[in-house]
Amino acid sequence: MAWGLVHLDHLGCHLPLRYPDGMPSHPQSPVFHLSLHVSHLALPLCTLLAALPTACNDGSSAPLSPPELPTLRVTVDGLRLRDALGREVLLRGVNAGGRSKFDPFFPFPFAESGRADQAGEPPFAEALETYTARVATWGLDVVRLTFSWEGLEPTRGEWDSEYLDRYAAMAESFGRRGVRVIVDFHQDAFASPLCGDGFPLWALPDPAMTPRTDCSRWFQGYLGDAEVDAVYDRFWANGGGLRDDFEAMWRRVAERLWPVEGVIGFDVMNEPHYGTADVDEWSPAVLRPFFERMATVLREVAPGALIFFEPSGVDAADHVTTLEPPAGGAMVFAPHYYAAAVFLLGPDAATYDTDADLAPWATWAATYGVPLLLGEFGSVTGTDGGRRYLAANFASLDHYLFHGTVWDYSTAHDLWNEEAFSVTGWGGEETPSVEALVRAYPRAVAGRIESFVWDAETRHGMLVIAAAPGVTELAAPVRLFPEGATATLAGVPGRWAWDRARGLLLVETTAAGSATIEFGPVE
């Protein structure tokens, strides 16, 4: 004998039905929709319901759990990323975070920071667990973890091991929660005295310059500021041995972070700037060889690491670059996207078309056959307009099957250069943007994703896949499905289950073929 499921749609549950061997087992087969008067189910309904509470709760007649992964690391397969079981992975997450750009270089406040304004906060270990737990609760599976060279090496040749250990503890905490980590060397406008961040002060021609974190128009440094251009020109030319120091810094970071479970790769430099060069000439002649060299350096200590490479920061606005994929394999293109109108007018006043804006990046990825992670996208938060804009960005990620990390998630009360893009405020208070951030999506698919759509208003979604035997995991946070989630599977045989503890909808397919999974809340 074999087992199937009787669908009692009007009761919102499913009961096991035993049928003769050889009968069809597809969930859409008529055998699954027999009436209760079938002799196998002559037992009174109340007795069946009492005997099978689990079946009614999780949609499955037998336990179904996500398979254990030997590692969270992923590999590149053309345009796609795959986990250790060969399933296609879709990365959805946040940048953690903007507050890490200045002392104490972490996205949340903690008592040992040495700052008077954080003296009353919880100790680091406690604050860290609260911070990372939120990301897992939101149903996210990746963070782009902001790293500061200024924080690591404030004095040339003198390393702050405590900073690096705390940074590693962040990565470890995320990894324990099943959240993958991209180590991101973050810089903007080079260093804090130039209204930027990232590079240590000793990397400037004049290390005695005064740091600043109050420059609301800091981005203008990229628009022809002679002082900013000069420091980048000096870096690319290895003036003062800065490129050598940069490589030494990354070796130290990779040696410490690559052994941490959950770390999948390294974002070599946030929004690299071309200085006085012509950006179209500089991108292939300088930036591409730079990434190739850094990939070699990093893989000497981190074999198998993904290398995330970015075009110039100004390309986040026009979505055009002459940069081609660096040689070396396992590369992920990681451009940014900020709609110019939203950046200038705010998300409540601006009009935008995120699909059209991101089309050039989709063309670039398809042309070169390289996976694309939108490393940053977002806007000023705190209003419903920010929520709508973020939701539009996510819908476009679904449309193009991009990976993406929102800018940003910080919980301290003070801001870097008045930048108010965090999805949470002081102490973790949520802005309306979190409503768009917390959503369902396919985080691991047995086979290949063909398309995915999600309707946040109705909380219904549809995933079309070229299925392979295995378990597909859809992130389905409990806060979206407080009464549980339900699903239908068409096209291939299999079953599904709702895993409340993990906030996952699990779908097991037992044969290859085109499959459609539709899901939504239990009502």
Side-chain angles (χ1 to χ4, degrees), residues 78-79 95 144 184 186-190 196 217-225 228-229 232-233 235-236 267-292 294-295 307-327 331-345 347 350-379 389-390 392-407 421:
L79 284 165
N95 283 264
R144 182 171 176 256
D184 162 45
H186 209 90
Q187 70 83 39
D188 303 277
F190 203 82
R217 304 187 72 79
W218 63 268
F219 53 88
Q220 291 183 339
Y222 286 143
L223 305 177
D225 184 298
V228 172
D229 286 347
Y232 283 103
D233 287 347
F235 174 79
W236 298 120
D267 193 332
V268 176
M269 181 184 291
N270 180 73
E271 298 183 356
H273 185 54
Y274 45 86
T276 59
D278 179 280
V279 64
D280 291 340
E281 297 174 358
W282 168 84
S283 294
V286 176
L287 189 59
R288 186 172 184 262
F290 165 73
F291 285 128
E292 291 173 343
M294 291 308 304
I307 303 300
F308 295 81
F309 66 98
E310 304 186 25
S312 162
V314 299
D315 294 334
D318 61 16
H319 326 121
V320 176
T321 184
T322 57
L323 179 65
E324 296 183 357
M331 299 285 180
V332 179
F333 187 45
H336 298 173
Y337 166 58
Y338 293 102
V342 173
F343 189 80
L344 295 173
L345 302 176
T351 58
Y352 46 83
D353 184 339
T354 55
D355 277 357
D357 285 350
L358 291 174
W361 286 149
T363 298
W364 190 100
T367 298
Y368 294 109
V370 174
L372 188 148
L373 175 129
L374 206 61
E376 290 183 21
F377 59 98
S379 72
Y389 177 65
L390 197 60
N393 277 261
F394 274 116
S396 293
L397 293 187
D398 293 343
H399 175 67
Y400 292 116
L401 298 180
F402 288 168
H403 310 277
T405 48
V406 173
W407 187 266
F421 279 41

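In this text, all values refer to a predicted model and were calculated from it rather than measured experimentally.
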Parallel, tilted or perpendicular: ring planes of H273 versus Y222, cut at 30 and 60 degrees: tilted
message: Do Y337 and D357 pair up side chain to side chain, a donor and an acceptor below 3.5 Å, judged on atom types alone?
response: yes
query: Mind checking whether F309 and F333 have parallel, tilted or perpendicular rings, split at 30° and 60°?
result: tilted
L345 side, atom CG; T351 side, atom OG1 - distance, nearest 0.5 Å: 8.0 Å
query: Which is it for V268 and F290 under the side-chain contact (heavy atoms from CB on, under 4.5 Å) test, yes or no, and what are the steps along the way?
result: CA-CA 10 Å; V268 176; F290 165 73; 3.8 Å; yes
field: Stepwise side-chain contact (heavy atoms from CB on, under 4.5 Å) check, D225 with Q220
entry: CA-CA 7 Å; D225 184 298; Q220 291 183 339; over 6 Å; no
Test ring-ring contact (aromatic ring centres under 6.0 Å, His included) applied to F343 and Y389, F219, W407, the passing residue: F219
query: H186 and D267: side-chain donor and acceptor closer than 3.5 Å?
result: no
- request: For residues P289 and P284, report the shortest heavy-atom separation together with the two atoms involved.
  value: CD-O, 3.4 Å
message: Just so I know, are the side chains of F235 and P272 near enough to count as touching, which here means a heavy-atom distance under 4.5 Å?
response: no
- line: What one should report as the nearest heavy-atom pair of L390 and G378 is CD1-CA, 4.4 Å
- request: Answer whether the closest heavy-atom distance between the side chains of F421 and V406 falls below 4.5 Å.
  value: no
message: With a 4.5 Å cut-off on side-chain heavy atoms, are W236 and Y274 touching?
response: no
- request: Take E376 and E271 through the side-chain contact (heavy atoms from CB on, under 4.5 Å) test and state the conclusion after the steps.
  value: CA-CA 10 Å; E376 290 183 21; E271 298 183 356; 3.7 Å; yes
- request: Give, for atom CG of L323 and atom CG of D280, the distance between the pair rounded to the nearest 0.5 Å.
  value: 11.0 Å
- prompt: What class does the angle between the rings of Y368 and W364 fall in, given that below 30° is parallel, 30 to 60° is tilted and above 60° is perpendicular?
  reply: tilted
- request: Evaluate side-chain contact (heavy atoms from CB on, under 4.5 Å) for L397 paired with F377, printing each intermediate quantity in order.
  value: CA-CA 11 Å; L397 293 187; F377 59 98; 3.7 Å; yes
- prompt: Any side-chain heavy-atom pair from Y400 and D355 closer than 4.5 angstrom?
  reply: yes
field: Non-hydrogen atoms of P325 and V370 that approach each other most closely
entry: CG-CG2, 3.7 Å
- line: Here the gap from F402 atom CZ to L372 atom CG, rounded to the nearest 0.5 Å, amounts to 4.5 Å
Atom pair CZ (F190) and CG (D229), whose distance is rounded to the nearest 0.5 Å: 12.0 Å
query: How long is the span from the CG atom in L373 to the NE2 atom in H336, to the nearest 0.5 Å?
result: 8.5 Å
message: Please find the pair of heavy atoms, one from M331 and one from P326, that lie closest to each other, and give the distance.
response: CG-O, 3.8 Å
- request: Considering non-hydrogen atoms only, spot the tightest contact between G375 and T405 and give its length.
  value: O-OG1, 2.7 Å
message: Measuring from atom NE2 of H403 to atom CG of L374, what distance do you get when rounded to the nearest 0.5 angstrom?
response: 11.5 Å
query: Is there side-chain contact between E310 and N270, with at least one heavy-atom pair below 4.5 Å?
result: yes
field: Minimal non-hydrogen separation, T354 against S396, with atom names
entry: OG1-OG, 2.6 Å
message: With heavy-atom distances below 4.5 Å as the criterion, would you say the side chains of T321 and S312 are in contact?
response: no
